[in-house]
Visitor: 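I have a structure I would like to understand better, so I am pasting it below and will then ask my questions one at a time.
All chains are named by letter (A, B, ...) in the order of the sequence lines, taking the proteins before the strands, and each is independently numbered beginning at 1.
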There are 2 protein chains.
Amino acid sequence: MPEIKLQHILTMVQLLSKGARHNFVEVTTADLGRNIGRSQQAASKHLLDLEMAGYIERVRRGQKFAVRVTDKGNTEIQSLFASLKSALESAPAAIDFEGSVVSGMGEGAYYMSLEGYKKQFLEKLGYEPYPGTLNVRLTDPVYMNARRELGRHPSIFLEGFSDGTRTYGWVKCYRASINDGAMENAAVLVLERTHYDDSMLEVIAPVSIKDAVGIKNGDRIKVQVRIDNNNSPHQMP
Amino acid sequence: MPEIKLQHILTMVQLLSKGARHNFVEVTTADLGRNIGRSQQAASKHLLDLEMAGYIERVRRGQKFAVRVTDKGNTEIQSLFASLKSALESAPAAIDFEGSVVSGMGEGAYYMSLEGYKKQFLEKLGYEPYPGTLNVRLTDPVYMNARRELGRHPSIFLEGFSDGTRTYGWVKCYRASINDGAMENAAVLVLERTHYDDSMLEVIAPVSIKDAVGIKNGDRIKVQVRIDNNNSPHQMP
DNA sequence: ATTACTAGCTTCCGAGTAC
DNA sequence: TGTACTCGGAAGCTAGTAA
């Protein structure tokens, strides 16, 4: 929507930051050039262009000029800025995965049902997981790569603990939805111990995911992990 | 500080708004070109440049590419955006005037001492003005021009009133400081009735300005009117 | 359908310099 | 000191087109 040329942005911002919104401020083209990282001649040209476009006004002041940003110019910059802002802020913060359901409700199920994790799930995630994790096998290298980097994002962090006999590592949880919203309150787990397999995604939910969305082993499944700031009561290495 | 080229901003923002921060998203150069208002070829070049600079990564996906913004690329855009934001927000919102003190404590003093105004001053400005306005004669056309437009800014608005015999117009107040901070709690008045003289600035304060800053008729004086959102309990035509 | 190369045009910039 | 002109070169863009 904004009509202003990209090259003029820095010049306009520079003028505004010098107070040229409401006052005529004295700015030399040499100074201006220095500030925007261009030559004096370029700055001079910018001012001429901007004046021609009605974005600034200038009045002679002895040998120099005093410059003020017009309403039109200010509107232009603000609207450009606003549209950039909204574009950046509306950026969806989610990571998509796609893979196939594999059987694997053995080991994971056992660990996640331990009291040391269960009470943290309830407290931090808001529910106790249905016993057993759903395992999703990723095949596309793009998804495996994303899986490898998943743990770097801010997470809901479950502390590790010890039961006297052995220790259990931390768990990072990421809220996720299944198959384009068929289930919204799932969560993907990143475990401290399993750095061994980047092609596997472990998913939990308050109920049986297979039953809730009607899938069985071997079916394709989509998992969308939300990275927005919902997750991050804690942040950890 | 940002190293990214201005021409690439729109491209990066477009990618980010499509979710390319966390996922590889499929974007064709033709679509991208359309979105940034350039040709398909230009978009293609942008992607090549950005990839070369390490701001994005691409993977072939059949015939198309899937694109993701790297950490470096995201940092670059965010920092550019942040510096623009801070430059725009730090922009001083004040209008400077300079002129000479003239005698003129007659008429203004009378009006401003009317009960209908006095109680509004106390309520909205926080003090009762010292009886009498300080008049400042502006000579520079730049200041006269600014004076003419002063009333368009958000103000502390005093309602007009009637005493049964005649009516008294509204008054807009703008907090102001005198001579670079020698006095901080002055206020400039814009009266409904006086559209007749753009070269005169009427200033009030809780005490005698002349005494407080040590000036007399004929002296040069600087008045800085603050336009920030401090003023604007009301807004009015 | 896609990406991206080439050629040619336009825009932008910097150096030199007039005023 | 200032601004801003001309001019040559660099950068950016588009159209055409190859792959």
Visitor: Is NZ or CZ of A:Arg61 both nearer than 6.0 Å to the six-membered ring centre of B:Tyr143 and within 45° of the ring axis?
Guide: yes
Visitor: Report which part of the nucleic acid B:Ser44 touches: base, sugar-phosphate, or nothing (heavy-atom distance under 4.0 Å, all strands).
Guide: base
Visitor: From CD1 of B:Ile4 over to C1' of D:dG12, roughly how many Å is that when rounded to an integer?
Guide: 16 Å
Visitor: Nearest to the side chain of B:Lys64 - C:dC13, D:dC13, C:dT2?
Guide: C:dT2
Visitor: Tell me which one of A:His46, A:His8, A:Met12 satisfies side chain to side chain contact (heavy atoms under 4.5 Å, CB included) with A:Ile36.
Guide: A:His46
Visitor: Would you mind reading off the distance between B:Gln40 atom CD and D:dT17 atom P, rounded to a whole angstrom?
Guide: 14 Å
Visitor: Within a reach of under 6.0 Å around NZ of B:Lys45, are more than 12 heavy atoms found that belong to other residues, nucleotides or ligands?
Guide: no
Visitor: Among D:dG2, D:dG16, D:dC13, which nucleotide has an atom closest to any side-chain atom of B:Arg38?
Guide: D:dC13
Visitor: Take B:Phe65 and A:Lys45, find for each the nucleotide of DNA chain C with the closest heavy atom, and name the residue whose nucleotide sits nearer the 5' end.
Guide: B:Phe65
Visitor: Would you indicate, yes or no, if D:dC13 has its OP1 or OP2 atom less than 4.0 angstrom from a side-chain nitrogen or oxygen of B:Ser39?
Guide: no
Visitor: Salt bridge check: are B:Lys216 and B:Asp211 linked by an N-O gap of less than 4.0 Å?
Guide: no
Visitor: Rounding to an integer number of Å, can you tell me how far B:Gln7 CD sits from D:dA11 C1'?
Guide: 8 Å
Visitor: Rounded to whole Å, please give me the gap between CG in A:Leu6 and C1' in D:dG12.
Guide: 12 Å
Visitor: For C:dC5, does either OP1 or OP2 sit under 4.0 Å from a side-chain N or O belonging to B:Gln41?
Guide: no
Visitor: To the nearest angstrom, how far is A:Gln63 atom CD from D:dG2 atom C1'?
Guide: 4 Å
Visitor: Considering only NZ, NE, NH1 and NH2 on the basic side and carboxylate oxygens on the acidic side, decide whether B:Lys72 and B:Glu3 come within less than 4.0 Å.
Guide: no
Visitor: Does the salt bridge (charged side-chain N to carboxylate O under 4.0 Å, His left out) test come out yes or no for A:Arg137 and A:Asp197, once each step is laid out?
Guide: CA-CA 10 Å; A:Arg137 170 74 62 193; A:Asp197 191 355; 3.2 Å; yes
Visitor: Does anything in residues 11-27 of chain A come within less than 4.0 Å of DNA chain C? Heavy atoms only, and list the residues if so.
Guide: none
Visitor: Tell me what B:His46 touches on the nucleic acid: a base, only sugar-phosphate, or nothing, going by heavy atoms under 4.0 Å.
Guide: sugar-phosphate
Visitor: Pick out which of B:Asp31, B:Thr29, B:Leu32 makes a side chain to side chain contact (heavy atoms under 4.5 Å, CB included) with B:Gln40.
Guide: B:Thr29
Visitor: May I ask you to list the residues of residues 47-58 of chain A, by number, that have any heavy atom positioned under 4.0 Å from an atom of DNA chain D?
Guide: A:Leu48, A:Arg58
Visitor: Please identify which of these residues, A:Thr11, A:Leu80, A:Asp49, A:Thr75, meets the side chain to side chain contact (heavy atoms under 4.5 Å, CB included) condition with A:Ile4.
Guide: A:Leu80
Visitor: Just checking A:Thr28: base, sugar-phosphate only, or nothing, at a heavy-atom cut-off of under 4.0 Å?
Guide: sugar-phosphate
Visitor: Between A:Phe81 and B:Phe81, how do the two ring planes meet: parallel, tilted or perpendicular, split at 30° and 60°?
Guide: parallel
